[in-house]
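Here is the structure we will look at, set down as structure tokens.
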Amino acid sequence: MNKLLIALFSTLVLAGCGINLDTAAQVRPGWTMEQVKDLLGKPEYRKVKGQYIIWEYVSYDALGWPNGNATFVFQDGKVVDNTEPLDVRIQK
């Protein structure tokens, strides 16, 4: 019984892992990939679209359900301004 409770508790604690969206909000245009990685760790998803590198981080609630995400678009190794939707920027 104790092993089951420990396993359940461990699962709930680990399920809450992911990024803190308040921390992710600190990232600003001009930050390097290294600065973002130092603050948030490795991204959950990475893709390349033309000249852009896209990193996505996911936040999870205590039950392991995604409850938000932060996406960073890099050009020449630095975060670019995210005032336009990504698809608009990539088509330009």
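It should be emphasised that the depicted structure is a prediction, and the values quoted were computed from it without experimental measurement.
For the side-chain contact (heavy atoms from CB on, under 4.5 Å) criterion with Y45, the lone passing option out of T71, I54, V58 is V58.
The nearest pair of heavy atoms linking I19 to A70 is CD1-CB, 3.9 Å. The shortest heavy-atom contact between R46 and W55 is CG-CD1, 3.5 Å. In this structure, N20 and D22 approach most closely via the heavy-atom pair OD1-N, 2.7 Å. The two residues K78 and G30 make their nearest non-hydrogen contact at CD-O, 3.6 Å.
D76 CG to I53 CD1: the interatomic distance, rounded to the nearest 0.5 Å, is 9.0 Å. Here the straight-line distance linking atom CG of N67 with atom OH of Y60 works out to 10.0 Å at 0.5 Å rounding. Atom CG of residue L39 and atom CD of residue Q26 lie 5.5 Å apart, to the nearest 0.5 angstrom. Distance check: F74 CZ to Q51 CD gives 14.5 Å after rounding to the nearest 0.5 Å.
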